[in-house]
Structure formats: C-alpha cells, structure tokens
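By convention here, the first residue in the shown sequence is residue 1. Excluded from the calculations below are hydrogen atoms, water molecules and symmetry mates; all remaining heavy atoms, backbone and side chain alike, are included. Atoms within a ligand are numbered from 1 in the order they appear, just like the ligands themselves.
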Amino acid sequence: MNRIHIVSNRLPVSINVENEKIELIPSVGGLATGMRSVYKEYNGKWIGWPGLPSDDIDEKLSNNIDRELEKEDCVSVHLSKEEIDLYYDGFSNRTIWPLFHYFAQYIDYDPELWEAFVHVNQKFADKALETLEEGDTIWIHDYQLLLVPEMIKSKKPGVTVGFFLHIPFPSFEVFRILPWRKELIQGMLGADLIGFHTYDYQRHFFSSVRRLMGYEISFNQIQIEDRVIIVDAFPMGIDYDKFKNAATDIFQKPLQEKSELHRELEKYFLLSPDRKLILSIDRLDYSKGIPNRLEAFAKFLESYPEFVGKVTLIMLAVPSRGTVEHYINLKKEVDELVGKVNGQFGNINYTPVWYFYRSMPFENLIELYSSCDVALVTPVRDGMNLVAKEYVASRTNRTGVIILSEMAGVAKEMGEALMINPNNTNEIAESIQHALNMPLDEQRERMIFLQDRIKRYDVFKWASEFVKSLAKVEKIQSSFYAKKINSKIMDKLNETYKSAEKRSIFLDYDGTLTGFKKNPNDASPNQELHDILYKLEEDPRNVVTIISGRDRESLETWFEGHKINLIVEHGVWYKKFGKEWKMLTNAVDTWKSSIQPILETFVDRTPGSFIEEKNYSLVWHFRKAEPEQAELRAYELKDELTTMIANHNLEILEGNKVIEVKTGGINKGIAALQFLKNKNYDFVFAVGDDWTDEYMFRELPETAYTVKVGLKRTAARYKVESVKSVRKLLTELAE
Ligand code: ADP
Ligand code: G6P
C-alpha cells in the first residue's frame with residue numbers, strides 16, 4: 001500500500017515543557033483518540049501542531065521537540081502565539097466551531113481571523129507538501145484545515161487527497177451566514193474523497209455545494225470541471241477491544257494494584273448495592289449540553305426524592321479552549337450549577353455531583369465507564385460522540401444504560417439507547433428515572449445489540465473503509481482520465497485531419513462551443529468563437545455543421561455570414577449553407593396540447609423556471625430556479641411524463657438544467673447520419689457535452705473522432721475538460 005500521511009490541527013500527542021524537559025501527553029478529543037489507534041499502519045507521517053506556542057521555545061528546544069515527535073512519526077507545524085490566537089482560538093473556534101454546531105449567536109465574523117486562517121492553513125499545506133512524495137496519499141482532518149485539500153491539490157494534482165470532517169456539517173440556511181462560505185467549500189473540494197460521520201451532514205454539504213457552486217451531483221459524486229469527487233458517510237468507531245480488554249483487566253486486579261480512584265469508588269459506591277452512579281464525560285464545551293444535564297439531574301432529584309442520597313452524578317469535564325470567551329463563561333456557569341445542585345440536595349454524607357475538571361489517565365476513564373450504571377450523554381450538537389461508544393465497549397457484564405441526545409451523530413447507530421432531546425429537561429429527568437429502574441434483563445438485551453454493532457464497525461473498520469474508498473476514487477478518476485485527449489491522441493487527431501480530403505465536423509453549441517448562461521438568449525458567440533469558426537470554414541475540405549437543440553431563429557441570426565450548416569431542434573430542422581430550412585422528417589406536434597398544461601403546473605410550482613416552445617418540442621428550463629427544489633421537481637416531472645410518452649411516441653431528453661419533451665424518432669444521431677449519407681467523408685469529428693449528444697456519439701461510424709466535453713460517462717471515444725479546451729482543440733486543428 002502507498003504511504004498515507006495524516007494532517008490535523010492537533011497531533012496525537014501534545015508537548016508540555018517544564019524546565020527544558022519535554023513531556024509528551026496524549027491529546028484528548030475524538031479525532032486524536034480515534035486516529036491514534038490506526039495511523040501507524042499507514043507508514044506515513046502525522047503532520048500537526050504540538051499544542052504550545054513557538055514564541056516560548058528557542059531553536060534548540062524546538063529541534064529537540066521535533067526530534068521527540070519524529071520518534072512518534074509526527075512532524076510539527078509550529079504556531080506563534082498570534083497565530084494560535086487568530087487561527088486556532090479565533091477562526092477555528094470562534095467562527096467555524098459555533099457556526100457548524102448551530103451556535104450562531106457566538107460567531108465572530110472578523111476578517112482578520114479569516115486572513116490568519118488562510119495563512120495558517122497554507123502553513124500546514126506547505127509542511128504536508130514538503131513531506132509528500134510521488135504516489136503518496138494524504139488524509140486531512142477536521143474543521144481547522146478546511147482549506148488545506150485545495151491548497152495541496154492545486155500544487156500536486158497527482159496526490160490522492162482525503163478529507164474527513166469530525167464535526168457536524170450544518171444545514172445550508174446556517175452555513176450561508178458565513179461571509180467566507182464559498183471559499184470553505186472550494187477548499188474542501190480540493191479533496192478526492194470527503195467523509196462525514198452521518199448521511200445528514202453529507203446531504204447538508206451537498207446542498208451547499210449545489211447552491212453555492214452550482215455543481216452537478218449524482219448519487220454520491222460531485223462533478224467539477226475536470227474531476228469527480230466522492231462524498232460519503234463513515235461513522236467513526238472506537239478501538240473496541242482496547243476498551244473491552246482494559247475493562248476486563250481492571251476488575252481482575254488485586255486490591256493493592258487498584259488506582260486511588262477505583263478504591264474510592266469501591267469505598268463509597270460499588271460495595272453498596274443501593275448506591276447508583278451516573279456518568280458524564282466531555283471536554284468542557286458548550287456544544288456538550290453540560291448545564292442542561294445538571295439542570296435535568298436536579299429536576300430528577302426534585303421529582304424523585306427517594307433517590308436523594310442514593311444517586312451520584314460523576315461529572316468529568318476536560319479543560320478545553322480555555323482562552324476563548326464562551327468557554328470561560330461556560331466554566332463559570334458549570335461551577336455555579338454544580339455548587340447549586342450540591343448545595344440544594346447534598347448533606348454531610350452525600351455529594352450529589354462529583355465534579356472533576358481535569359484530564360484523566362486512560363485507566364481511570366475505564367474505571368468510571370465500567371463502574372457507572374448510567375451514562376448521561378446529552379450534547380446539544382455533536383458530530384459523533386465517542387464517549388457513548390467507549391461506555392458501551394467497557395461494559396463487560398453487559399449491563400448499563402445510555403441516555404443519549406438525538407442531536408449527536410452517534411444517535412444514528414444507537415437506537416437501543418434512551419433517546420432524549422437535550423433541551424427537554426423533564427424528558428431527561430424522566431429518562432434518568434427510567435434508566436435507574438430498568439430491569440437487568442432489559443439492560444442486557446439493549447447492550448448486546450449495541451456492543452455487537454460498535455464492535456463490528458470499530459475504528460479500524462472505519463479507517464479501512466475510508467482508505468478503501470480513497471483507492472476506489474483513484475480508480476474512478478483514472479477511468480475518467482483514460483479517454484482524455486492527451487498530446488499523443490492530439491498528434492494522431494492532427495495527423496488524420498491533415499491527411500483527410502473531405503471532412504465533416506459536427507459541433508454542438510451550448511456547453512460545447514460556449515458556456516451556459518442563466519438566460520439562454522445571452523449565449524451568443526463572442527469574437528473568439530467567430531474567428532475559430534471562420535478559420536475552419538475557410539478550408540474547402542471542411543464541412544462544418546452546428547448541431548444543436550436550439551430553435552432556428554437564434555442560430556440563424558448568430559451565424560449569419562458563416563459558411564456552415566445548421567441542424568436545430570435536435571434534428572427536426574436543417575439548413576445547408578446557402579439553402580432554405582428543411583425538415584428532416586415528417587414530424588407531428590399535436591401532442592403539445594396535452595403536455596403543455598403539465599409543464600405549466602411545474603412552472604407555477606417552481607419559481608424561476610420557464611417553458612420554451614420549439615416546433616417539435618417543449619422544453620422546461622430550470623437553470624434559474626432554486627437548485628434543490630428544481631432537482632426534486634425534475635424527478636417528479638420525469639416521472640409524470642414517463643406515463644405519457646408511450647401514448648404519443650415522444651422522447652424525453654435531459655439536458656443541462658433542462659428537460660425536453662420532443663417528437664420521437666428524431667435525434668442528433670439520426671440527423672448527423674443523414675448528413676453523412678453517400679458523401680464519403682474520410683474524416684468525421686463530433687463534439688458535444690450532454691445527453692442529447694450521446695445519440696450522435698453512438699450513431700456515428702466507429703472511425704469518427706467523437707469527443708465529450710466534461711468527464712462524465714460517455715459513448716464518445718474521447719473527452720476534453722471544458723469549453724476552453726474545445727476552442728483550443730479546434731484552433732489547433734484549423735491551424
Ligand atoms: P470530542 O471529540 O468533541 O471531544 P468525543 O466524545 O468524540 O468528543 O471524544 C472525546 C474523547 O476524549 C474520547 O475518546 C474520550 O475518551 C476522551 N476523553 C474525554 N474526557 C476525558 C478525560 N477527562 N480524560 C481523558 N480523556 C478524555
Ligand atoms: C473535537 C474536534 C477535534 C479537536 C478536539 C479537541 O473533537 O473535532 O478536531 O482536536 O475536539 O479540541 P482541541 O481544540 O483541544 O484540539
């Protein structure tokens with residue numbers, strides 16, 4: 001396997017320096033704990049920030065830090081105090097974090113933060129580019145580095161780039177608030193594969209891509225000019241066996257080897273069957289719903305006084321982003337609430353909330369997971385939440401109940417938990433009561449399902465699925481590139497063209513010779529295009545034909561003075577140079593009166609869309625309509641039309657943001673063949689961009705040079721990327 005490098009803001013270990021002594025401490029948070037278990041398998045480096053400001057370390061210490069990290073296969077990106085302030089505390093945690101977690105009221109819209117974000121993302125990208133070698137793959141993580149995929153792709157297009165977002169992707173209505181929304185999407189689209197925890201985040205992302213960039217999306221692929229990008233949901237798992245084995249070991253330890261915490265737990269709770277423990281573990285973050293949890297616990301004690309003195313909430317909060325205002329305020333709020341609950345319900349022998357504000361060693365975490373009867377996981381928004389999965393894995397006796405917020409990504413995988421709305425205090429209080437009274441058989445029944453599922457899709461499976469998809473996307477990309485006209489094919493094409501005596505050249509118009517415009521009437525040819533065509537027509541060996549779905553009038557006007565043929569309305573009408581318009585077939589249009597009213601209802605229901613009437617077709621245009629709604633309507637319309645077309649011998653053509661219903665038996669392929677009949681051309685060339693051109697690609701002789709614009713699947717022999725490349729190709733031929 002090729003090497004895979006990881007890039008994330010934080011390295012799996014953070015550095016602490018005391019008296020010049022370097023200490024490596026495991027980083028907290030889902031990204032670090034999850035990836036830590038897998039990254040060594042990929043033989044690559046992990047590029048990230050070691051967690052302390054570079055201003056405080058001299059060159060010698062900095063080199064020593066780099067050397068220590070190198071032992072862990074880590075490469076450091078050093079950040080100054082100012083960069084940490086503006087990029088990490090700033091744009092990452094005061095702008096993106098609140099925005100993506102739907103805390104719009106906390107967002108800081110400061111252009112200075114944005115500039116720092118761009119600058120520091122570039123620093124990460126540069127470090128990654130230094131580390132990369134030909135054929136390597138890079139896997140970029142999380143919201144702090146949204147711009148890095150594009151920064152790498154633009155410099156090294158041959159590198160396969162994966163990106164995974166560990167937090168929610170918000171709905172478009174929220175995402176659009178951000179002034180730099182387009183730049184963020186563009187940055188992400190530098191990746192070849194983009195992963196989210198859940199399908200909901202994926203569909204929100206699609207919605208933003210469609211609305212902000214107008215790119216086409218089919219199934220889970222985004223089509224951009226010269227690439228296809230795969231987007232998928234990969235719910236992150238945990239290192240299940242690590243938790244399970246650690247939990248098994250802990251209970252087998254002799255008393256003298258037990259940790260202080262474990263002994264305390266035994267003393268106060270574990271040996272008294274009527275004492276119950278509820279566990280709460282998070283980074284101290286406003287997205288985690290910690291105050292709601294405390295209020296619900298108080299409500300529970302108030303509603304069920306028989307539990308006062310018997311139930312304790314162990315609340316572990318890891319210090320996090322402590323220099324950001326909203327985190328400082330949250331700390332105060334939580335401290336006060338803990339005091340309030342303890343003051344209200346506690347006594348000399350009973351402390352309702354045991355509150356720890358610190359990080360804990362792994363062993364202690366396991367002791368807590370395996371000792372507590374109930375886990376209270378109530379974030380108001382959470383990308384995934386691994387704590388819920390870690391609790392499940394540590395329940396070796398298969399008892400225990402999880403109370404889980406429906407707003408956490410993990411809720412999608414944990415149907416057996418007691419689901420709550422984190423803003424509903426009464427519901428949480430009731431669920432605590434329900435959990436504490438749940439019979440052991442029922443607890444086991446639920447836990448068995450949860451454990452099976454979480455064991456099966458563990459962090460190794462998660463990572464290997466992502467990496468497998470990266471390999472798959474590489475294959476898809478290369479199949480797209482396989483038909484792309486390279487210099488060798490171009491040489492051959494030139495040679496055949498030059499040696500031919502009689503050439504027929506078919507050119508589609510919209511999307512091929514010229515780009516799409518919001519209003520189709522604005523797409524007249526510019527001077528560059530006129531000049532290219534004049535050059536082609538000049539050569540007496542060339543017969544140039546514009547073959548289009550447009551009506552007669554516009555093309556006739558636009559190409560007045562050119563020595564070319566026109567085929568319009570997908571082959572209904574043609575006009576040879578210097579001659580009159582003729583019909584290729586005896587088509588009928590009596591069906592229009594039945595189809596027109598259907599299309600009109602779609603126009604009424606889809607603001608911005610309109611109907612174009614041609615002689616033998618009706619076209620529903622939706623380029624100017626709201627993209628998501630229009631796409632849904634387009635499905636609906638096709639569905640309705642399918643039942644009608646057989647009766648009327650009609651065809652439905654799907655163009656770029658248009659649906660066209662037309663008289664059957666006519667298409668660009670049939671029309672082009674008519675033009676070739678009895679003519680002995682020794683060079684045939686056809687270029688087009690959409691569905692309707694596929695008829696032409698299929699019908700023309702195998703020796704014809706058929707060229708698709710764009711990288712979609714096609715019957716054409718070759719592909720080019722864009723209108724620009726078509727113009728370049730034609731210019732080269734004409735010269
Ligand atoms: P987030 O990524 O938002 O912090 P997750 O629940 O996904 O939330 O991940 C938190 C990770 O941090 C878990 O793997 C958990 O074990 C770890 N963790 C949480 N609290 C502590 C703590 N007090 N000490 C050490 N590790 C902790
Ligand atoms: C979440 C984010 C991670 C981040 C972690 C800890 O899990 O998704 O990217 O590393 O929180 O936050 P911190 O700011 O301390 O890195």
Side-chain angles (χ1 to χ4, degrees), residues 6-14 25-37 46 48-52 79 84 87-94 96-97 100-101 140-146 163-169 196-197 201 235-240 242-243 246-247 261 279-290 314-324 327 354-369 375-394 402 404-405 407-411 459 462:
I6 311 289
V7 193
S8 69
N9 172 58
R10 206 176 266 288
L11 286 170
V13 282
S14 298
I25 346 162
S27 304
V28 212
L31 191 174
T33 51
M35 283 306 292
R36 194 161 37 225
S37 296
W46 187 327
W49 171 52
L52 75 177
L79 300 181
I84 295 169
Y87 145 80
Y88 169 72
D89 283 347
F91 200 78
S92 299
N93 290 322
R94 298 209 312 262
I96 306 185
W97 181 273
F100 281 38
H101 286 85
I140 301 154
H141 291 262
D142 230 359
Y143 65 101
Q144 305 91 340
L145 303 180
L146 289 172
F163 178 80
F164 191 87
L165 186 73
H166 290 259
I167 64 173
F169 194 93
F196 297 96
H197 283 305
Y201 308 154
M236 190 179 193
I238 55 161
D239 188 346
Y240 188 92
K242 181 171 147 195
F243 284 86
L261 175 75
L279 180 64
S280 150
I281 296 192
D282 317 85
R283 277 181 310 102
L284 192 77
D285 194 299
Y286 51 79
S287 63
K288 303 287 183 182
I290 299 169
I314 299 193
M315 196 155 111
L316 184 56
V318 195
S320 184
R321 305 170 197 167
T323 44
V324 178
Y327 289 77
W354 277 27
Y355 176 42
F356 301 88
Y357 177 61
R358 58 167 182 259
S359 189
M360 280 208 184
F362 180 68
E363 187 191 2
N364 290 158
L365 277 185
I366 298 293
E367 284 158 353
L368 289 172
Y369 283 139
L376 197 48
V377 184
T378 63
V380 278
R381 258 328 137 170
D382 206 337
M384 170 51 72
N385 196 292
L386 296 183
V387 164
K389 293 188 174 183
E390 292 170 3
Y391 177 73
V392 167
S394 310
I402 301 197
L404 182 59
S405 161
M407 311 296 178
V410 72
V459 72
W462 167 79

Nearest option to atom 11 (O) of ligand 2, as decided by whichever heavy atom of Arg321, Met384, Arg10, His141 sits closest
Arg321

Within ligand 2, which atoms have a heavy atom of Arg283 less than 4.0 Å away?
1 (C), 6 (C), 11 (O)

Leu316 pairs by side-chain contact (heavy atoms from CB on, under 4.5 Å) with which of Leu284, Leu365, Asp282, Val387?
Leu365

Which ligand 2 atoms are under 4.0 Å away from a heavy-atom of Val28?
6 (C)

For Leu316, take its heavy atoms, then give the atoms of ligand 1 lying under 4.0 Å from any of them.
23 (N)

Which of the listed options, Ile25, Ile238, Val318, holds the heavy atom that is closest to atom 20 (N) of ligand 1?
Val318

Could you tell me whether His166 and ligand 2 have an N or O pair separated by under 3.5 Å?
no

Looking only at distances, can you tell me whether any N or O atom of Trp97, backbone or side chain, sits closer than 3.5 Å to an N or O atom of ligand 1?
no

Have a look at Leu31, Asp239, Ile281 and point out the one with the heavy atom closest to atom 19 (C) of ligand 1.
Ile281

Taking only heavy atoms of Gln144, which atoms of ligand 2 are found under 4.0 Å from at least one of them?
9 (O)

Would one find an N or O of Tyr143, backbone or side chain, under 3.5 Å from an N or O of ligand 2?
no

Tell me the nearest of Val28, Leu386, Asn364 to atom 17 (C) of ligand 1, using heavy-atom distances.
Val28

Of the listed options Met384, Lys288, Arg358, Arg283, closest to atom 8 (O) of ligand 1 (non-hydrogen atoms):
Lys288

Numbering as shown, the atoms of ligand 2 that approach Ile167 to under 4.0 Å (heavy-atom distance)
8 (O)

Interfacing atoms of ligand 1 (cut-off 4.0 Å, heavy-atom, Val387):
6 (O)

Quick test: of every protein heavy atom, which one is nearest to atom 14 (O) of ligand 2, and how far off is it to 0.1 Å?
Tyr88 OH, 2.5 Å

Check: Asp142 side chain, His166 main-chain N or O, donor-acceptor pair, under 3.5 Å
yes

Can you list the atoms of ligand 2 that are under 4.0 Å from a heavy atom of Leu31?
9 (O)

May I ask you to list the atoms of ligand 1 that are less than 4.0 angstrom from any heavy atom of Asn385?
6 (O), 7 (O)

Should Gly30 be listed as contacting ligand 2, given a heavy-atom distance under 4.0 Å as the test?
yes

